[in-house]
Amino acid sequence: MCSIMGYCKSGVSFSEFKKGFDKTISRGPDDSRIIDTGYGILGFHRLAIMGLTPEGMQPFELDGSSVVCNGELYGFEKLKDELVAKGYKFRSGSDCEIILPLYFEYGTDMFSMLDAEFAMILFDGRTKEFIAARDPIGIRPLYYGYDRDGEIVFASEPKNLVPICERVMPFPPGCYYKAGEFISYCEISKPQSVIKASLDEVCSNIHDKLTKGIKKRLVADAKVGFLLSGGLDSSLVCAVAQRYSDKPIRTFAIGMSEDAIDLKYAKQVADYIHSDHTEVIINKEIVLSSLETVIEMLGTYDITTIRASMGMYLLCKWIHENTDIRVLLTGEISDELFGYKYTDFAPDAEAFQKEAEKRVHELHMYDVLRADRCISVNSLEARVPFGDLDFVKYVMAVDPEMKLNTYGKGKYLLRHAFEGDYLPHDILYREKAAFSDAVGHSMVDYLKEYAEETYSDEEFDSLCDKYTFAMPFTKESLLYREIFEKYYPGNAEMVVDFWMPNKSWEGCNVNDPSARVLSNYGASGE
């Protein structure tokens, strides 16, 4: 990951800018540079992944224009060759060096041309205006706010902006900002048509598109590793990656010392694909002592996100401190496309599709945010194959009747697509356990117990009443909100709501986001 920031007005205090910007130096510890365009300031903290030489350092500048980009532009070589043919010259092997030439040729149309996960801020030296943009899913973070003079400021994380802006909001994915407006160039959650095809044809396409998405994310000039929970999604990413690697890939799993559910399954997968596997063990003391750090790092009070971040943050921290890996592939976004335990309760295909569209649209505030922060705060880069744009567009367009769980097994399309020798059959068809549960049921239980001990019933009632937006509804949610407000006061609207099952569906009216409370949890906890 890298960190970017842009203050879009002249006469900005350099020290004030740097004070806010340096709050995310862990995203890019390799090098830092801040430039004054004369009309505003751009900053870049670098984590070198592609084009590791100093020439790959940003901001990139060309003919009076400048750009900073936190991103990976897949297949950029083809675009680069086309630009060379038009007379452009390049100094580095960095993918992001093509952005300014591409912008000069195509303007804002270039955003829809990119096969990428990115956030960027660009100063157009010809028009003297700033333009910012974000990828269609929001895999790379970008936030904005307005200073006391009403001038807009962009940055990778809210913590960069809190010292400058009273109110901070997420930059909408699939949009670019120009001349005071946010303009949508891709609404990936809304398919343009419905794909009606046979089961075998759909599954064949799912297989091929996901495989392609994984393969392109293996390309890096820095070392690559894999988070392996033993669940379906991360196991598939690892199994496919191992097929296209000429030596054992490095896989990592984490679990509680007393009751980790997934460690045995992760080891089973690692043994099967012959990866170089590492287990990291945590306990109650480590979890509770890390809670405030995790919430400050995340910039959220959402229960699901915080629970699931505990194991992920601690695992990435271990990888950062004990290895030379710089890139991690993960299994996020599969659930939103193919369904969770709770989407088994969807009353019909239309309701399933509507829920999937909502979840994909909001992902940048939840699971995608979790993966980004847990990984980037430890000076690593996240790559999310299930977020491949071509793959997401295809799966979202598949007839939702096919995605309903009418097969007696959730996410059947994905499982069926990879039948064969990718994974052991009992892993491929294993029931899902949520990440926070799979680390060990005890972890969530310890967090809930800690919250119960922190507040009396009277304190809980009085403290909840002071929040009018996303009011806490359990002592655990109150604990998280109180810590959040300490670091991001008055900015709860950065998150649209709590990530919970759809309470309007029969069987889903629950007060805990864990799948453990659903009637169909079954063998997930075994």
Side-chain angles (χ1 to χ4, degrees), residues 1-7 17-18 20-35 41-61 66-74 76 91-100 111 114 116-123 130-135 137-144 153-161 170-171 173 217 219-225 297 299 316 319-320 324-330 364 368-369 371-384 387:
M1 295 299 186
C2 299
S3 182
I4 63 174
M5 187 167 173
Y7 204 143
F17 181 95
K18 189 174 186 301
F21 188 41
D22 281 354
K23 289 179 180 292
T24 52
I25 202 162
S26 65
R27 294 186 69 92
D30 295 338
D31 200 357
S32 295
R33 185 170 173 237
I34 299 171
I35 65 167
I41 296 180
L42 291 175
F44 185 73
H45 294 313
R46 185 187 192 195
L47 179 69
I49 302 296
M50 298 294 291
L52 304 183
T53 64
E55 287 77 18
M57 181 58 186
Q58 301 183 38
F60 287 116
E61 298 175 87
S66 313
V67 69
V68 288
C69 178
N70 169 25
E72 290 296 334
L73 315 184
Y74 300 109
F76 76 96
R91 298 175 61 240
S92 76
S94 171
D95 50 342
C96 293
E97 194 181 357
I98 71 168
I99 292 171
L100 286 174
F111 299 124
L114 296 174
E117 43 214 40
F118 70 90
M120 70 173 74
I121 311 162
L122 186 153
F123 172 68
F130 285 88
I131 295 165
R134 193 177 186 189
D135 68 72
I137 296 175
I139 290 175
R140 295 302 170 97
L142 192 62
Y143 290 78
Y144 72 96
V153 194
F154 302 105
S156 288
E157 293 191 30
K159 59 173 67 80
N160 301 124
L161 298 176
F171 192 104
R217 284 163 177 79
V219 179
D221 295 330
K223 291 190 177 179
V224 178
M297 165 205 62
C316 294
I319 293 169
H320 171 64
D324 57 355
I325 283 170
R326 305 296 290 273
V327 178
L328 288 173
L329 270 69
T330 76
H364 66 102
V368 164
L369 178 148
D372 174 82
R373 301 302 194 279
C374 291
I375 292 174
S376 67
V377 77
N378 289 298
S379 302
L380 303 164
E381 172 168 299
R383 293 190 179 176
V384 190

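- Closest approach of Pro170 and Arg134 over heavy atoms only: CB-NH1, 4.4 Å.
- Applying the side-chain hydrogen bond (donor to acceptor under 3.5 Å, both in side chains) test to Lys159 and every residue at least two apart in sequence or in another chain returns Glu157.
- With contacts defined as side-chain heavy-atom distances shorter than 4.5 Å, the pair Leu122/Val68 does not qualify.
- The shortest side-chain heavy-atom distance between Ile34 and Leu42 does not fall under the 4.5 Å cut-off.
- A donor-acceptor contact shorter than 3.5 Å links the side chain of Asp30 to the backbone of Ala48.
- Arg326 places a side-chain heavy atom less than 4.5 Å from the side chain of Leu47.
- Among all heavy-atom pairs drawn from Ala119 and Pro141, the shortest one is CB-O, 3.4 Å.
- Within the model, atoms SG of Cys2 and CZ of Phe44 stand 3.5 Å from one another, a figure rounded to the nearest 0.5 Å.
- Residues Pro59 and Val67 are not in side-chain contact: their nearest non-hydrogen atoms beyond the backbone lie 4.5 Å or more apart.
- Counting all heavy atoms, side chain and backbone alike, Asn160 lies closest to Ala155 at CB-CB, 3.5 Å.
- A distance-only check finds no donor-acceptor pair linking the side chain of Ser3 to the backbone of Ile25 [under 3.5 Å].
- Checked for salt-bridge contact, Arg383 and Glu72 meet the test: a charged N lies under 4.0 Å from a carboxylate O.
- Under the 30°/60° scheme for interplanar angles, the aromatic rings of Phe171 and Tyr144 are found to stand perpendicular.
- How far NE2 of His45 is from OG of Ser32: 4.5 Å, rounded to the nearest 0.5 Å.
- Contact between Phe118 and Cys69 at its shortest, heavy atoms only, is CB-SG, 4.0 Å.
- Legend: residues meeting side-chain contact (heavy atoms from CB on, under 4.5 Å) with Thr330, ordered by chain and number and at least two apart, are Leu227, Met312, Glu332, Ile375, Val384.
- Between Leu100 atom CG and Ser66 atom OG the span is 7.0 Å, to the nearest 0.5 Å.
- In this structure, NZ in Lys23 is found 11.0 Å from CG in Leu161, a value given to the nearest 0.5 Å.
- Between Phe60 and Ile99, the closest side-chain pair of non-hydrogen atoms is not below 4.5 Å.
- For Glu55 (side chain) and Gly93 (main-chain N/O), no donor-acceptor pair under 3.5 Å exists by modelled atom type.
- Taken from CD in Gln58 to CE in Met120, the straight-line distance is 9.0 Å, to the nearest 0.5 Å.
- Nearest heavy atoms, Val327 versus Ile325: O-CG2, 3.4 Å.
- Here Glu381 does not pair with Arg27 in a salt bridge; the nearest charged N to carboxylate O distance is not below 4.0 Å.
- From Ile49, atom CD1 reaches atom CG of Asp221 across 9.0 Å, with rounding to the nearest 0.5 Å.
- Side-chain contact between Ile131 and Phe111 is present, with at least one heavy-atom pair separated by less than 4.5 Å.
- At least one side-chain heavy atom of Leu328 sits under 4.5 Å from a side-chain heavy atom of Ile319.
- When each of Arg46, Arg140, Glu117 is checked for a side-chain hydrogen bond (donor to acceptor under 3.5 Å, both in side chains) with Asn70, only Arg140 meets the rule.
- Of the possible polar contacts, none joining the Asn378 side chain to the Leu380 backbone as a donor-acceptor pair under 3.5 Å is found.
- Nearest heavy-atom pair, His320 versus Ser379, reported as atom, atom and distance to 0.1 Å: CE1-CB, 3.8 Å.
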